[in-house]
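One structure is given below, encoded as structure tokens.
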Amino acid sequence: MTRLRFAPSPTGALHIGGIRTALYNYLLARKTGGQFILRIEDTDQTRYVPGAEDYIIRSLAWLGLNPDEGPIQGGPFAPYRQSERTAIYHDHAMQLVKSGKAYIAFDTPEELDLMRQRLTDKGISTPKYDASVRDEMVNSLTLSEDEVNRKIADKVPYTVRLLVEPGHGIIIHDKIRGEVIFDSTELDDKILLKADGFPTYHLANVVDDHLMQITDVIRGEEWLPSTAHHVLLYRAFGWIDTMPTFSHLPLILKPNGQGKLSKRDGQKFGFPVFPMAWHSDHIEESIEGFDSYGFEPAAVINFLAFLGWNPGTEQEIFSLEQLIDVFDAERIHKGGARFDYDKALWFNSQYLQHLDYAIVQERLIQYANNENISISDVNVEAVFKLLQPRLHRLKEFFMIGYYFFTDELKYDDTEINKKWNPEAGALLQKLGEALGNIEPFTAENISIVAKELITASGIKMGVIMPLIRASLTGTIQGPDVYEIASLLGSVKTIERFVKMAGWTSVG
RNA sequence: GGCCCCUUCGUCUAUCGGUUAGGACGGCAGAUUUUCAUUCUGUAAAGAGGGGUUCGAUUCCCCUAGGGGCUGCCA
């Protein structure tokens with residue numbers, strides 16, 4: 001039985017790198033018939049952001065990545081919020097102290113800075129709290145037992161540090177990267193328990209993964225260096241036999257390849273980096289998301305799945321269900337992948353092309369309400385079907401097709417002036433009059449009448465057609481003019497023709 | 001700086017020693033469309049460099065270069 005977890009930290013909106021990690025964990029769990037667990041790693045009080053946990057949960061739900069166990073649904077290994085498990089970490093840390101695998105340290109942050117400075121001055125490029133300095137510091141290795149106990153009794157803040165033995169290699173068998181070897185001499189005595197009583201990620205994640213019987217850890221590449229410490233921890237606890245497998249995912253990079261994609265890049269490059277929009281009082285600017293950009297969750301999933309993975313076939317469009325079927329962790333790529341917004345848009349348009357109106361209806365109504373657009377006397381479904389092939393994001397619907405929902409057209413003066421002349425105006429007038437007799441007012445019928453009149457007038461198609469279109473939409477581009485006219489209805493169509501017939505150059 | 005990871009068209013990638021190095025996005029050209037979008041067709045575009053191993057390297061090894069990650073009482 002496989003058990004995989006997604007373990008985000010509620011320090012703000014989760015970005016798509018995190019979502020992809022969640023997705024791969026979800027996919028592998030579902031594929032192997034195992035469990036997908038959500039665990040909230042809220043062990044840093046200073047970075048805690050209210051609402052972030054809720055945001056994470058809502059985002060996963062929006063994307064369809066529903067956990068089997070987690071803070072909301074509970075489960076056999078509850079609680080799933082690390083801040084509610086501090087006693088467990090404390091006990092485990094102390095267990096390590098007792099067995100000599102860890103020790104208590106009283107050094108203050110200031111003293112640590114001094115130590116680092118001292119080492120730097122000595123020409124040591126990587127100053128760290130390790131075997132070379134630990135016996136010069138204030139800890140349970142250098143203090144007598146009585147002194148240690150007295151300090152603890154006096155409530156002197158202390159941390160618990162992992163005692164790393166130098167001089168041996170630590171081999172990590174990463175499922176994506178193969179063997180990665182670290183020299184324990186390069187490793188510092190990592191803090192396990194912080195002075196505030198909370199565990200560090202290293203302790204909490206190892207203890208919880210063990211206790212929650214996690215079988216496979218899939219996480220970002222930024223965790224690769226500290227995995228050596230995690231292996232040491234599994235050894236220290238005597239859990240090495242049941243240690244989970246590790247897969248370190250390539251990072252999602254900025255479009256220019258300069259570093260990993262960060263939360264600020266959305267604003268910087270003009271695309272969403274978060275699944276959902278979110279406004280928090282604690283964050284100055286409101287955050288846009290793939291949802292508020294008008295993306296389909298299925299498209300976001302599909303796009304993200306292909307950032308660093310591919311099925312080895314030429315098919316690129318996959319539903320979540322299909323992804324579960326074809327996903328294979330062995331095919332995860334090693335190199336970082338740049339975020340490609342054009343590709344994201346393409347995925348989205350692929351999904352948009354095949355959506356039924358019934359599925360988008362509610363959201364369109366929502367958009368209309370948000371923007372105070374009245375849709376009551378418009379056949380939105382017909383408009384949607386007409387506009388659907390030209391949509392890259394659902395949100396564009398009311399921009400592209402605005403002329404169906406208002407009579408105040410934004411005329412493209414420059415283009416209209418280029419084409420308009422009195423003869424064309426007269427033809428428009430005539431067209432308007434003729435259209436009144438068409439019954440039913442279908443695109444086909446309109447087209448027959450219009451073509452006849454145009455041909456008879458001798459005015460070139462290339463002149464009159466742009467004007468007909470502009471009279472209906474204000475612009476010279478868009479779907480079939482006769483379809484537009486038909487949907488607009490004869491009254492509005494005639495009105496707009498007549499208005500254009502009397503066009504007076506503005507420019 | 002140290003440690004670790006990575007490196008195929010502009011971008012995402014296929015290739016598990018022998019291929020005309022394939023596909024997709026984007027680009028360009030053409031067809032369709034009275035326009036634009038869609039769709040279709042075509043086209044340009046890649047193995048960082050240098051050593052090995054091998055009959056034969058994009059593929060395996062080493063070096064260099066470049067990029068990235070980590071280097072906190074953050075995750």
Side-chain angles (χ1 to χ4, degrees), chain A residues 7-11 18 41-44 46-47 105 107-109 112-113 116 120 123-129 157-161 172 174 176-178 180-183 185-188 190-202 204-205 219-228 248 250-251 253-255 257-260 303 306-317 330-331 333-347 349 353 387-392 400 415 451 454 460-466 468-470 473 475-481:
Chain A
S9 191
T11 54
E41 309 234 332
D42 53 349
T43 56
D44 185 352
T46 63
R47 294 213 305 159
D107 314 277
T108 64
L112 292 176
D113 284 345
R116 290 193 186 100
T120 306
I124 295 171
S125 61
T126 50
K128 53 186 185 299
Y129 202 123
Y158 64 90
T159 62
V160 172
R161 284 180 180 270
I172 294 162
D174 187 278
I176 296 174
R177 288 151 213 285
V180 182
I181 304 172
F182 290 91
D183 179 354
T185 311
E186 305 285 342
L187 270 33
D188 67 336
K190 274 266 177 295
I191 287 181
L192 267 21
L193 207 60
K194 298 182 268 186
D196 63 4
F198 280 81
T200 57
Y201 170 82
H202 309 293
N205 117 84
R219 83 232 294 196
E221 189 186 345
E222 67 266 33
W223 294 109
L224 191 51
S226 58
T227 306
H248 287 93
L251 267 13
L253 274 19
K254 297 177 197 292
Q258 305 291 301
K260 61 175 173 179
F303 167 65
F306 272 71
L307 232 41
W309 171 89
N310 78 86
T313 63
E314 288 183 357
Q315 184 181 344
E316 295 208 76
I317 302 298
E330 305 234 321
R331 293 194 63 87
H333 200 247
K334 291 177 186 172
R338 299 188 194 188
F339 183 91
D340 183 354
Y341 188 52
D342 280 335
K343 192 89 182 225
L345 281 175
W346 177 78
F347 270 110
S349 62
Q353 300 322 311
L387 260 26
Q388 193 169 18
R390 20 187 22 97
L391 251 30
H392 285 88
I400 292 178
E415 291 298 330
K451 277 175 182 162
I454 293 167
K460 283 182 186 166
M461 277 288 186
V463 172
I464 195 64
M465 289 310 290
I468 292 179
R469 179 182 300 286
T473 70
T475 77
I476 59 159
Q477 52 192 342
D480 184 82
V481 284

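In the text below, chain A, chain B and the rest are named by the order of the sequence lines, each starting its count at 1.
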For the pair A:E316 and A:K343, evaluate salt bridge (Lys or Arg N to Asp or Glu O under 4.0 Å) and give the outcome as yes or no after the intermediate values. CA-CA 11 Å; A:E316 295 208 76; A:K343 192 89 182 225; 3.7 Å; yes

B:U15 and B:G69: how far apart are their C1' atoms, nearest whole angstrom? 27 Å

Measure CD1/A:I181 against C1'/B:C5 and give the value in whole Å, please. 14 Å

For every nucleotide of nucleotides 22-35 of chain B, 5' to 3': is a protein heavy atom under 4.0 Å from its base (B), only from its sugar-phosphate (S), or from neither (-)? SSBSS-------BB

Should B:C60 form a Watson-Crick or G-U wobble pair with both distances under 3.5 Å, which nucleotide is its partner? B:G52

Looking for any heavy atom pair under 4.0 Å, which part of the strands does A:H333 touch: base, sugar-phosphate only, or nothing? sugar-phosphate

Using ring centroids (six-membered ring only for Trp), state whether A:F339 and A:F303 fall under 6.0 Å. yes

A:W223 meets the ring pair (Phe, Tyr, Trp, His ring centres under 6.0 Å) criterion, sequence neighbours left out, with A:Y201

Counting only heavy atoms from other residues, nucleotides and ligands, does the tally under 6.0 Å from CD of A:E330 exceed 12? no

B:C70 pairs with which nucleotide, Watson-Crick or G-U wobble, both distances below 3.5 Å? B:G2

Among all residues two or more places apart in sequence or in another chain, which pass the side-chain hydrogen bond (donor to acceptor under 3.5 Å, both in side chains) test with A:T46? A:D44

Need the pair for B:A14. Rule: Watson-Crick or G-U wobble, both distances under 3.5 Å, any strand; none if unpaired. none

Looking only at atom C1', what distance separates B:A45 and B:C28, rounded to whole Å? 11 Å

Please encode protein proximity along nucleotides 68-75 of chain B as a string of B, S and -, counting only heavy-atom distances under 4.0 Å. SBS--BBB

When you compare the protein's N or O atoms with those of nucleotides 58-65 of chain B, which come within less than 3.5 Å of each other, and at what distance?
none

Sort out the partner of B:A65 for me: Watson-Crick or G-U wobble, both distances under 3.5 Å, none otherwise. B:U7

Applying the 3.5 Å cut-off to both distances, the Watson-Crick or G-U partner of B:G42 turns out to be B:C28

Under the ring pair (Phe, Tyr, Trp, His ring centres under 6.0 Å) test, which residues partner A:H202, sequence neighbours left out? A:H230

Starting at the 5' end of RNA chain B, which residue's closest nucleotide do you reach first, A:N310 or A:F182? A:F182

Is the distance from OP1 or OP2 of B:U11 to the nearest side-chain N or O of A:R338 less than 4.0 Å? yes

Return the value, rounded to whole Å, for the distance between atom CD of A:Q353 and atom C1' of B:A37. 9 Å

Could you grab the distance from atom CG of A:L187 to atom NZ of A:K128, nearest 0.5 Å is fine? 8.0 Å

Expressed as a whole number of Å, how far does the P atom of B:A24 sit from that of B:U59? 26 Å

B:U34: pairing nucleotide in any strand, Watson-Crick or G-U under 3.5 angstrom: none

